[in-house]
Amino acid sequence: LLPDPMTSPRPPQRLPVRRRAILRERLDELVASFDRRHLTPDPLELVLRYDDPLDQECAGLIAAAFAYGRADLVVAHAGDVLVRMGPSPFRYLKEGFNRSEASRRFRGFTHRFHKTPELVALLAHMAQAIRRHGSLGALFESCYDDSEADIGPTLGRFVESLTTQPDGRLETAEERRAVAYLISSPRDGSACKRMNLFLRWMVRSEEPDLGLWSFVDPAKLVIPLDTHIHRIATFLGLTERRSADWKTARSLTDALAMFNRQDPVRYDYALCRLGILDLCSRKRRKENCDVCLLRDVCRFPVLAAP
Ligand code: SF4
């Protein structure tokens, strides 16, 4: 039988000791060079607008669900949704949400291929989860099992519970598809970049993250694998896998655990900044490589012409 990538323990990684030491040093320097001042544009900005953890959970799930496409548009569109929810997204979902009122309240919402009906479907699922379990955190805690190798199975149970049919109303196939896209599950092999990003915000307590869900061991998190992280990890030789799926996210997390076993996802924010801020672009540029902290550990820096 092949090992199940969802539940098997992290495999040991092999990297020459010297290269591993230099890579760790460079990655730690990179982490130290980015803090919350470098956040914009990032959907986490929206979460940091709230003080109450219950609001931060709701804002976080909405911001993460729509965190695809250009970061500045994600902030603008998800930010508009949160403004329309009033001062407390948690209170709105717990006490104020109903579908027909929400269809009017969020009329005109668009983010790429999602529009008002898909947004309202997502909010209906969140409202139901909050009314049944008390909060999103309480639901996640009820799904969490510390004995599992990583957060994948918990995430699968959380998504399953969150996406059960809300408020006795039959959803259309389009609504079901949209919710499955917005709140993805590792059970279908997806990298679940946006859900893993949401978990990073909720679980990690170091800046820029919030550390709200202290019942989760940060060592269990899986890196939010997006196009920037995948590309830069390939440049660094931390992955050779080409498909951006759950297996790749897991194997890259295992590679990062060589540098920090307790908190492998700590490198995500800084590595992702390189991509989002265009400091390491898809078309590699010499002016970026010349000043890049990772230059001596990168396999493909752009060098001066001989
Ligand atoms: S050296 Fe260049 S290609 Fe390599 S990570 Fe840095 S900016 Fe990207």
Side-chain angles (χ1 to χ4, degrees), residues 10 13-45 67-75 191 193-194 196-197 200-201 204 206-209 221-261 263-306:
R10 299 185 192 286
Q13 298 289 310
R14 288 185 179 79
L15 206 61
V17 173
R18 171 99 183 110
R19 178 164 172 80
R20 186 193 298 193
I22 299 175
L23 255 170
R24 176 190 288 133
E25 203 175 302
R26 294 295 172 272
L27 286 170
D28 286 341
E29 284 168 8
L30 190 73
V31 167
S33 71
F34 289 108
D35 58 26
R36 276 193 188 159
R37 284 171 301 171
H38 304 91
L39 190 61
T40 304
D42 190 294
L44 178 56
E45 289 172 55
Y68 63 89
R70 267 175 45 193
D72 56 336
L73 293 180
V74 174
V75 173
K193 172 247 170 178
R194 288 167 289 121
N196 281 325
L197 185 61
R200 196 200 86 198
W201 298 340
R204 291 194 67 256
E206 248 178 53
E207 273 215 34
D209 302 315
L221 294 179
V222 171
I223 194 154
L225 182 72
D226 68 1
T227 170
H228 302 303
I229 294 286
H230 196 186
R231 179 179 71 252
I232 297 165
T234 306
F235 291 170
L236 299 179
L238 295 175
T239 183
E240 301 296 342
R241 289 181 53 86
R242 297 183 74 86
S243 54
D245 56 12
W246 182 266
K247 276 188 182 175
T248 302
R250 260 294 307 261
S251 76
L252 175 55
T253 308
D254 294 341
L256 293 170
M258 286 188 296
F259 312 124
N260 192 314
R261 191 168 298 285
D263 188 12
V265 173
R266 78 185 294 260
Y267 302 105
D268 175 65
Y269 176 66
L271 286 171
C272 200
R273 289 300 93 186
L274 285 183
I276 288 180
L277 300 176
D278 208 27
L279 302 172
C280 175
S281 47
R282 196 162 59 83
K283 283 192 173 172
R284 290 165 295 126
R285 293 199 296 266
K286 182 176 176 303
E287 63 267 30
N288 282 342
C289 298
D290 282 347
V291 295
C292 179
L293 277 172
L294 305 177
R295 183 186 160 88
D296 66 339
V297 285
C298 177
R299 297 187 298 172
F300 308 108
V302 180
L303 305 169

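Any value given below was found using the heavy atoms of this structure, including those in side chains, with hydrogens, waters and symmetry copies removed. Counting convention: from 1, in listed order, for ligands and their atoms alike.
- The distance from ligand 1 to the heavy atoms of Arg284 drops below 4.0 Å at these ligand atoms: 3 (S).
- By the criterion of a heavy-atom distance under 4.0 Å, neither the backbone nor the side chain of Ile232 is placed next to ligand 1.
- Coordination check, Cys289 versus atom 4 (Fe) of ligand 1: failed, since every N/O/S atom of the residue sits at 2.8 Å or beyond.
- Counting atoms of ligand 1 from 1 in the listed order, those under 4.0 Å from a heavy atom of Cys298 are 1 (S), 3 (S), 4 (Fe), 5 (S).
- The minimum heavy-atom distance linking Cys280 with Ile232 is given by the pair SG-CG1, 3.9 Å.
- Among the atoms of Cys292, an N, O or S atom falls under 2.8 Å from atom 6 (Fe) of ligand 1.
- Arg200 is listed as a side-chain neighbour of Leu44, based on a closest heavy-atom distance under 4.5 Å.
- Arg295 has no carboxylate O lying under 4.0 Å from a charged side-chain N of Glu29, or vice versa, which leaves the two without a salt bridge.
- Salt bridge status for Arg24 with Asp28: absent, with no side-chain N to carboxylate O gap under 4.0 Å.
- Taking a cut-off of under 4.0 Å to the non-hydrogen atoms of Phe235, the atoms of ligand 1 that pass are 3 (S), 8 (Fe).
- Using a 4.0 Å cut-off between charged nitrogen and carboxylate oxygen, Asp245 and Lys247 do not count as a salt-bridge pair.
- Within the structure, the closest approach of Leu279 to ligand 1 falls below 4.0 Å when heavy atoms are considered.
- The nearest heavy-atom contact from the protein to atom 8 (Fe) of ligand 1 is Cys280 SG, 2.4 Å.
- Considering NE2 of His228 and CG of Leu271, their distance stands at 11.5 Å, rounded to 0.5 Å.
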